[in-house]
Amino acid sequence: MLNFFVKRGDRIKVEEIVERMKDEGVKKDKITVNMLVSFLVKNGGGEIGEEVERLIREMEENDVKWDEELGSSFVFSTLSYPPRSGGGSKALEYASKMKKFNLKIQPATHGAVVESLCRDGALKEAINYYREHKSSNTCGTLIRGVSGNKKFEISLKIFENFKESESMDPSEFVYSEIIKSAGDECNRLMFGGEPLEERLAKAEEVAGVAKNIFDSIPSDPSLKNVVVCNSMIRCFGEAHLVKSAFEVYEEMKEGGVVEPTMITFGSLSAACERSGETKRVGQILEEMKDLGMKPNEFVYGSAIAAFKKKGNWRRGVNLLSKMAGDDSLTITTSTFNNVLSACAEGGELESLMKVWKIMKGRAKAKTESKPNLQTFTTIIDALCAAKQPNQASDLIVEMGEVWKVPCSVEIFTKVVTSCEKERQFKNALKVYAAMADADIKYYEIGVLDNALKR
């Protein structure tokens, strides 16, 4: 019965059964403890460490011995601790107990210790543990953890040291993690404070290091597999090297062994978005069609963002219409906003209002499509530019009453000023009422007063 409710994730029922076991004096055996630890990992909160510790104390009081499976469960449970909350030290403690009890520790469990230490920011301890338990699993995990702490140079040294080791060769996991680490570094560089040209140059250098590693991988499909290839495509995309990203894709096709996945096309689409490259977006969609693959939300969203960067509102609207025709796809607020913005920049008010109508219909059923302040700012700006403050003032009312989005001072100012220019004083009063409801008492009211005086 306990197993049934554990699988369902029913916390209330699980707690009831555990309490009943306690009342009836039923001791928890290894299977029960392991089941409860798994339940805590899937459904627990910030208190998971205390809960696991309580189970361990009960085990010791009832003379229930540790075994390999239990010990591994305890170690893996520390990955559910909030970052920097002591999970790493606990993982070390549990691994030490397994060693004390002469239990075999699998490479994946060693990897979990390394990961917990990295999540705590204890990189020195993680590196030391890795040196004691070196394997492809601990190496890849350490590279990922160090990268998460924004230390690409250290990740690269760890990889190079591992590759020079005479006892073992890198696995696909190690290769994919070091290339992912390079992609993460490219992403960080693009958000730096240096001039764009310098950031692009540094990102290109990091991507070049990753490509050298990629080219050094033996032509074994188990090593240079789709995960590794996708990581390389993403790395080039983060560095705004869209041509190089597509070259990796072409290499995949020429080999005929590595089949592209949705992640492949998503990474290519994202590369086009970052570089503003729209010509290749059509290639992506056509090749997916040839392969019998339907684009997902990410592929569509990235493609639309790429068209938005180039001001191609028509293609953006077309893609959005395709998405809207498929109820299984979720259209995010960001995707809608990109199309709305492209229409506004292109002066296409009619298309913009059609997109807004689609968005409203979707937002009523899916919260992911709910309009936000950016949505209303874009539409109202376009309406004012088209000398239609009457619709803009109606939208301000709808914005608050229907969508519960607080109006900004800037929007009020723009609409009131537009009402003044078009001498639509009744609409100005409507805006004034909305301003009063929002407790706005700034320059905008002065503008409105001037309009009314005229």
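Being a predicted model, the structure only gives us computed values, none of them experimental.
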Can we say Glu185 and Arg188 salt-bridge, meaning some charged N sits less than 4.0 Å from an Asp/Glu carboxylate O? yes
Would Ser135 and Asn137 count as having a side-chain donor-acceptor pair, cut-off 3.5 Å? no
Please tell me if the side chains of Lys28 and Met21 come closer than 4.5 Å, counting only heavy atoms from C-beta onward. yes
What is the ring orientation for Phe246 with Tyr249, classed by angle as parallel under 30°, tilted 30 to 60°, or perpendicular over 60°? perpendicular
Report yes or no: do Asn62 and Asp29 form a side-chain donor-acceptor pair below 3.5 Å? no
Test: Glu398 and Lys360 ion pair at under 4.0 Å: yes
Option from Thr333, Thr377, Asn337 for which side chain to side chain donor-acceptor pair (under 3.5 Å) with Asn372 holds: Asn337
Over 12 foreign heavy atoms within 6.0 Å of CG, Leu196: yes
Indicate whether any N or O donor in one side chain lies under 3.5 Å from an N or O acceptor in the other, for Glu345 and Ser341. yes
Would Lys224 pass as a cation-pi partner of Tyr175, given that its NZ or CZ must be under 6.0 Å from the six-membered ring centre and within 45 degrees of the axis? no
State whether Lys97 and Glu60 are salt-bridged, where the test is any N-O pair (Lys NZ or Arg NE/NH1/NH2 against Asp/Glu carboxylate O) under 4.0 Å. yes
Arg234 and Glu238 ion-paired at < 4.0 Å: yes
Does Lys27 pair with Asp63 as a salt bridge, N-O distance under 4.0 Å? no
Short question: side chain of Ser155, backbone of Ile143 - any donor-acceptor pair under 3.5 Å? yes
Does atom NZ of Lys13 have more than 12 heavy-atom neighbours, drawn from other residues, nucleotides or ligands, at distances under 6.0 Å? no
Run the salt bridge (Lys or Arg N to Asp or Glu O under 4.0 Å) test on Glu153 and Lys157 for me, step by step, so that the C-alpha distance in whole Å, both residues' side-chain angles and the decisive distance to 0.1 Å come before the verdict. CA-CA 6 Å; Glu153 296 83 0; Lys157 287 180 181 178; over 6 Å; no
Partner of Phe336 by side-chain contact (heavy atoms from CB on, under 4.5 Å), out of Thr378, Thr375, Ile358: Ile358
Are His110 and Tyr130 an aromatic pair by the rule of ring centers under 6.0 Å? no
Is the shortest distance from a Lys or Arg side-chain nitrogen in Lys90 or Glu53 to a carboxylate oxygen in the other one below 4.0 Å? yes
Ring centers of Phe298, Phe265 separated by less than 6.0 Å: no
When you check the gap from the basic side-chain N to the acidic O, do Lys163 and Asp169 get nearer than 4.0 Å? no
With a sphere of 6.0 Å drawn around CD of Glu58, does it hold more than 12 non-hydrogen atoms of other residues, nucleotides or ligands? yes
Start with the C-alpha distance between Glu286 and Lys289, add both sets of side-chain angles, then the distance that settles salt bridge (Lys or Arg N to Asp or Glu O under 4.0 Å), and finish with yes or no. CA-CA 5 Å; Glu286 283 299 318; Lys289 184 178 179 180; 5.2 Å; no
Please tabulate, for the side chains in residues 69-79, all donor-acceptor contacts under 3.5 angstrom to protein atoms that are two or more places apart in sequence or on a different chain.
unit_1	atom_1	unit_2	atom_2	d
Glu69	OE2	Asn34	ND2	2.9
Ser72	OG	Glu68	O	3.0
Ser72	OG	Thr109	OG1	3.1
Ser73	OG	Asn34	OD1	2.4
Ser73	OG	Glu69	O	3.1
Ser77	OG	Phe74	O	2.6
Thr78	OG1	Val75	O	2.6
Thr78	OG1	Ser116	OG	2.6

